[in-house]
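Predicted model, so just to flag it, every value in this text is computed and none were measured. The sequence lines fix the lettering, A, B, ..., with proteins before strands; numbering per chain opens at 1.
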There are 2 protein chains.
Amino acid sequence: MPAQPKAKAAPRSSAAVEDYLERILELINTKGYARVVDIAQSLKISQASVTNMVQRMDGDGLLKYERYRGMVLTASGEALAKSITRRHRILTDFLRLFGLDEELIFHDVEGMEHHVSPPTLKAIEALTAQLRRQPALVARVRL
Amino acid sequence: MPAQPKAKAAPRSSAAVEDYLERILELINTKGYARVVDIAQSLKISQASVTNMVQRMDGDGLLKYERYRGMVLTASGEALAKSITRRHRILTDFLRLFGLDEELIFHDVEGMEHHVSPPTLKAIEALTAQLRRQPALVARVRL
DNA sequence: AAACAAAGTTAGCCACAGCTAAGATTGTTG
DNA sequence: CAACAATCTTAGCTGTGGCTAACTTTGTTT
């Protein structure tokens, strides 16, 4: 028995890794695949940085990567990416209630999202649903 | 005229710097002074790291620091610390509406706060005020 | 097929912000 | 005042995640 070959260690993810996962899933959903050059453009970082990170994420079991060829999310990578995307959407929906500038919303969500725990997210989701039924109240906040 | 001696460059601050400022102000408010050892304990990092950072913050004009002696916030450091503290309070007040665990609130706020822009903060502040007048609605979120 | 451009990779660098270990300073106390 | 403990500093290290410059691979185009 050769012991475990890979040392999985539960896919912990940093804010940076979460950003990558989010963009990779989005690219796969819209274009069918995620190329290094597109990820780089989307995150506004260099291709070299992307190559580097993607290799780390392969090592962490979040995706399968083949040099010069391409990448696919693993099951756990995809699950993580989806939950990150969902969190992003919930926070965006919440902030959109208040008539803030779209760019600002994006920027704030992009920063905050990595730090919002599941219970807090759930509360914000429920709150957003309630507020949608109270446009008068929301209007007072927008002023 | 010896030109400007220090190169101020507008006190940009990272998340880490903001955490330090927040704790330093709190220590000054409660104990009258901020010692390296207390900052370290409060942020759960080593004293060496605190010394290091405090020296950088001195260089950045956020505080005045004298080796082995102590520190005082500069005017701009104090202004920044106060606005950080205010932001922290507003976010905490908001999350407290939903009956979340205090520790969780603290943790989430500690992570998110550095990424919330002034307009977003203002909206959340106004929303919190409105929600305080709508306990029935809030109760539906808490469930 | 040769040449070229686009995409990807590697090597080596940097700043940030933590850490430990070892040494310096300070204040207290016998 | 000598010695001690507490505090603080320095030196040197680490990992993360960027960067540029130079090189390689791939695919297209003539």
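- Across the protein-nucleic acid pair, A/M53 atom CE and D/dC19 atom P stand 11 Å apart, rounded to whole Å.
- With sequence neighbours excluded, the residues forming a side chain to side chain donor-acceptor pair (under 3.5 Å) with A/S49 are A/S46, listed by chain and number.
- Position along DNA chain C of the nearest nucleotide to B/R67 versus B/S46 favours B/S46 as the more 5'-ward residue.
- Partners of B/E26 under the salt bridge (Lys or Arg N to Asp or Glu O under 4.0 Å) rule, at least two apart in sequence or in another chain, do not exist in this structure.
- Every residue was checked against the side-chain contact (heavy atoms from CB on, under 4.5 Å) condition with A/Y68, not counting sequence neighbours, and none meets it.
- In this structure B/H115 satisfies the ring-ring contact (aromatic ring centres under 6.0 Å, His included) test together with A/H115, sequence neighbours excluded.
- Separating the CG atom of B/N52 from the P atom of D/dT9 is a distance of 10 Å, rounded to the nearest angstrom.
- A/F94 meets the ring-ring contact (aromatic ring centres under 6.0 Å, His included) test with A/F98, B/F94; sequence neighbours excluded.
- Taking the side chain to side chain donor-acceptor pair (under 3.5 Å) definition, one finds that B/K31 meets it with B/D38, sequence neighbours left out.
- Counting only heavy atoms from C-beta on, A/I45 has its side chain closest to D/dC19 among D/dC8, C/dT20, D/dC19.
- Where A/R69 and B/Q47 each meet DNA chain D at their nearest nucleotide, the meeting point lying more 5' is that of B/Q47.
- When distances are taken from the side chain of B/T51 to each of C/dG8, D/dC8, D/dT26, the shortest belongs to D/dC8.
- A close approach under 4.0 Å does not occur between any side-chain nitrogen or oxygen of A/S14 and OP1 or OP2 of D/dT16.
- Between the NZ atom of B/K44 and the C1' atom of C/dC19 there is a distance of 17 Å, given to the nearest Å.
- The separation between B/M57 atom CE and C/dC16 atom P is 14 Å, rounded to whole Å.
- A salt bridge (Lys or Arg N to Asp or Glu O under 4.0 Å) check over residues 130-143 of chain A, counting only residues at least two apart or in different chains, returns nothing.
- Distance, B/D58 CG to D/dT9 P: 11 Å, rounded to whole Å.
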Identify all pairs in which a protein N or O lies below 3.5 Å from an N or O of nucleotides 21-24 of chain C, and state each distance.
none

Can you name the atoms? Protein N/O to nucleotides 13-15 of chain C N/O, anything below 3.5 Å, with the distance.
none

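- Sorted by first and then second residue, the salt bridge (Lys or Arg N to Asp or Glu O under 4.0 Å) pairs involving residues 100-117 of chain A (not counting sequence neighbours) are A/R23-A/E110, A/R96-A/E102.
- Residues satisfying the ring-ring contact (aromatic ring centres under 6.0 Å, His included) criterion with A/F106, sequence neighbours excluded, are A/H88.
- For the residue pair B/V141 and A/A123, the shortest heavy atom distance occurs at CG1-O, 3.4 Å.
- In the set C/dC19, C/dA7, C/dT10, C/dT10 carries the atom at the smallest distance from any side-chain atom of A/Q55.
- A heavy atom lying under 4.0 Å from DNA chain C marks the following residues of residues 28-41 of chain A, by number: A/R35, A/V36, A/V37.
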